[in-house]
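Worksheet for the structure shown next.
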Protein chains: 2
Amino acid sequence: MPDGLGRPATIKDVARACGLAPSTVSNALAGKAVVRPETRALVQRTAERLGYRASGLARGLRLQRTWTVGALVADIANPFFADLVRGMEDRLWAEGYSLAICSTDYDADKETALLRLLLDKRLDGLILASTASDSDEVPRLKRLGVPYVLLNRRHVSEPSDYVGMDNAVGTAAAVAHLAALGHRRIAFIQGPPRSSAAGERLAGYRGEMRRRFGGLDESLLAPGDYAAEQGRAAVDRFLVLPAPPTAIVAANDFMALGAMERLRERGLAVPGDVSVTGFDDIFVAALPWIGLTTVRPHSRDLGARAADLLLGRIGAPTAAEPREVILTSELVVRGTTGPAPLSAPPSSRRRATTPRR
Amino acid sequence: MPDGLGRPATIKDVARACGLAPSTVSNALAGKAVVRPETRALVQRTAERLGYRASGLARGLRLQRTWTVGALVADIANPFFADLVRGMEDRLWAEGYSLAICSTDYDADKETALLRLLLDKRLDGLILASTASDSDEVPRLKRLGVPYVLLNRRHVSEPSDYVGMDNAVGTAAAVAHLAALGHRRIAFIQGPPRSSAAGERLAGYRGEMRRRFGGLDESLLAPGDYAAEQGRAAVDRFLVLPAPPTAIVAANDFMALGAMERLRERGLAVPGDVSVTGFDDIFVAALPWIGLTTVRPHSRDLGARAADLLLGRIGAPTAAEPREVILTSELVVRGTTGPAPLSAPPSSRRRATTPRR
DNA sequence: TTGTAGGCGTTATCAG
DNA sequence: CTGATAACGCCTACAA
């Protein structure tokens with residue numbers, strides 16, 4: 001197994017050691033039927049002995065493939081994105097691909113720069129899980145003919161392969177659940193405005209509020225950017241209203257946690273005084289001390305499906321029509337939601353479910 | 001702008017459009033002083049117009065560099081590793097490198113296979129944050145001359161670039177803190193036996209116990225693998241002892257959380273009946289409902305320093321001696337530790353600290 | 001069944 | 001200052 005040379009063995013080294021031509025070695029190692037079995041065996045032994053492994057670089061240049069795909073996420077340190085990535089990774093690894101990841105920090109300029117970096121590398125495809133819904137990069141990729149899949153981010157104008165979830169159904173379910181508990185003043189903490197998923201979550205909330213109550217008090221809408229701090233700020237905002245909400249639906253779990261923290265600091269009980277729901281079901285939500293009622297999106301599956309679509313697109317670059325995969329979510333009811341304080345006195349009722357880990 | 005051809009523009013396309021030779025284009029774009037300023041300007045304009053970007057593949061083959069490094073972590077969905085990766089990523093991105101990540105799931109075979117995949121790609125270097133301390137892969141990499149850095153995993157025999165933390169100091173501090181609170185029967189939940197970091201954490205615990213109490217009851221040692229489930233199991237194990245521990249030091253936060261869950265299920269109060277400490281300070285630990293006393297390792301810094309070392313090694317492959325960087329940790333005291341129940345009655349005392357997010 | 005030649009897209013070297 | 005040539009390591013027609 002040692003090399004003996006100061007560099008990785010090349011196909012020429014193997015050829016020389018075997019007394020054969022490089023092309024024969026190539027054919028033998030590729031399992032082509034043309035080479036005689038004994039020759040193949042010799043080649044394989046020799047390659048093994050020299051520790052020969054074909055250079056992905058050279059092969060990539062020749063074949064115009066890298067067997068690497070790139071993933072752009074907002075922040076790999078956010079468990080939701082980490083789960084997405086984990087899903088992609090498993091699927092890609094099974095197909096012999098590796099995965100280059102980049103965190104954009106929701107920064108469009110950084111995203112553009114990262115995209116350029118990745119494109120220069122001539123990756124086989126890209127999964128975009130952080131792109132703004134109106135980004136110019138998406139049409140550009142399309143024009144360049146680079147295979148890509150949008151993950152949980154829909155583009156306003158460019159029809160694309162897309163994997164997402166029923167965001168609107170998720171928030172609607174949260175609202176319905178709260179309404180069934182007697183809540184009427186249900187507030188919403190939004191996600192980043194340029195994210196299509198955040199838009200859908202808002203739309204689900206709006207739709208269900210309209211259906212149930214015939215309308216919506218716009219003061220119950222707080223801006224947010226998925227960071228916990230915005231959840232805290234939203235609470236401060238809500239509590240100065242003439243009629244504060246009795247329930248808060250947050251567009252993601254982090255903001256829900258932030259809101260809960262702030263409510264607690266302000267001396268309000270959850271769910272006694274205010275019910276709270278989140279979105280994403282990051283593992284924290286399931287911890288018994290938290291028990292956050294939230295919408296579970298099956299993040300790993302989302303990542304895996306995105307990888308699936310991308311692999312398909314790499315196989316048939318321009319051919320097929322854009323495909324869409326929408327996974328269903330489910331409302332996981334835990335302990336942060338309870339009866340509305342006006343229709344029923346604050347209770348300490350808890351519907352604990354089995355923790356996920 | 002657009003390409004017009006069905007493929008990325010090549011240096012030849014630019015050369016042709018300019019009426020120059022490819023080598024001149026190359027020199028012009030590389031900013032070499034030999035080309036006349038007007039020529040350079042023409043080339044730059046044309047390259048821009050054609051949307052030319054040098055192929056990393058071809059350049060990599062020629063230069064024998066890929067400007068990509070690989071990172072092997074146990075599980076990117078684990079916040080500790082995600083933080084490490086985030087630290088690497090930021091540092092590498094600043095230097096124009098991209099990062100390929102792989103989760104090994106603590107599986108040696110998978111790790112070997114992933115390593116092979118990455119080596120075939122001829123990456124510029126590797127950061128190993130999941131490798132067992134006795135893995136054969138490390139000497140192999142050394143022999144191959146592939147730049148690599150071990151992160152939080154020391155190898156038993158192969159001197160290597162290494163970035164780690166004072167694991168032993170961390171657990172020792174936890175024990176000291178508990179001892180100061182009057183605890184004497186302090187149990188320990190171990191990490192995976194083949195991880196050097198886990199070994200150091202155990203050693204720190206052992207050392208401090210010996211120093212303080214002159215010895216150690218081996219029944220206070222539970223096996224673990226960093227998964228929450230092992231924390232639960234450890235509690236079951238401890239509670240059947242004739243003299244159960246009044247405090248538990250876990251080798252990571254997940255196991256600490258698992259232990260806390262189980263204690264709670266068994267009707268024991270934390271810290272009233274049993275104090276618990278963790279290790280890693282994942283963001284969950286800082287949530288006010290949890291308030292886990294734990295050791296903070298500055299994960300992102302660890303990742304960043306590993307990237308630093310690797311970049312240095314890539315610059316001077318064999319030259320320099322192996323370097324070591326050890327970052328200090330700090331004990332973050334929160335609400336899961338309190339006075340020992342025998343020396344003082346269980347109290348509801350809480351030392352809440354400011355939440356990190 | 002095996003060998004030869006050419007080219008994937010770059011850049012370094014050296015000649016003009 | 002610019003251009004021709006070779007080479008990085010591999011695969012694939014096609015020739016022998």
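The chains referred to below are lettered A, B, ... by the order of the sequence lines, with proteins before strands, and numbering in each begins at 1.
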Looking at [X] and [Y], what are the two nearest heavy atoms and their distance?
| X | Y | answer |
| --- | --- | --- |
| T68(B) | L123(B) | O-CB, 3.5 Å |
| M165(B) | I326(B) | C-CG2, 3.7 Å |
| M88(A) | L151(A) | CE-CD2, 3.6 Å |

Grab the N/O contacts between the protein and nucleotides 9-13 of chain D below 3.5 Å, and write none if there aren't any.
residue: dG9(D); atom: OP1; partner: Q64(B); partner atom: NE2; Å: 3.1
residue: dG9(D); atom: N2; partner: A58(A); partner atom: O; Å: 3.3
residue: dC10(D); atom: OP1; partner: Y52(A); partner atom: OH; Å: 2.8
residue: dC10(D); atom: OP1; partner: S55(A); partner atom: N; Å: 3.0
residue: dC10(D); atom: OP2; partner: I11(A); partner atom: N; Å: 2.4
residue: dC11(D); atom: OP1; partner: R59(A); partner atom: NE; Å: 2.7
residue: dC11(D); atom: OP1; partner: R59(A); partner atom: NH2; Å: 2.6
residue: dC11(D); atom: OP2; partner: S26(A); partner atom: OG; Å: 3.2
residue: dC11(D); atom: O2; partner: R62(A); partner atom: NH1; Å: 2.1
residue: dT12(D); atom: OP2; partner: K32(A); partner atom: NZ; Å: 3.4
residue: dT12(D); atom: O4'; partner: R62(A); partner atom: NH1; Å: 3.4

Nucleotides bounding contact with chain B, strand DNA chain C, heavy-atom threshold 4.0 Å:
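Endpoints of the contacted stretch of DNA chain C: dC8(C) to dA12(C).
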Less than 4.0 Å between a side-chain N and a carboxylate O, is that true for E48(B) and R45(B)?
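No.
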Ion pair check, R323(B) and D161(B), cut-off under 4.0 Å:
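No, this pair does not count.
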Start with the C-alpha gap between R86(B) and D105(A), add the side-chain angles, then the distance that decides, and say whether salt bridge (Lys or Arg N to Asp or Glu O under 4.0 Å) holds.
CA-CA 11 Å; R86(B) 196 54 221 269; D105(A) 292 318; 2.8 Å; yes
Sugar-phosphate only, base, or nothing, as touched by V35(A) at under 4.0 Å among non-hydrogen atoms:
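The residue V35(A) makes sugar-phosphate contact but no base contact.
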Test side-chain hydrogen bond (donor to acceptor under 3.5 Å, both in side chains) applied to R36(B) - qualifying residues, sequence neighbours left out:
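Scan of R36(B) (side-chain hydrogen bond (donor to acceptor under 3.5 Å, both in side chains), adjacent residues dropped) gives E38(B).
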Taking atom C1' of dC1(D) as reference, at what distance in whole Å does atom CG of L20(B) sit?
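Taking CG of L20(B) and C1' of dC1(D), I get 11 Å after rounding.
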Does NZ or CZ of R65(B) come closer than 6.0 Å to the centre of the six-membered ring of W67(B), within 45° of the ring's axis?
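Satisfied, under 6.0 Å and within 45°.
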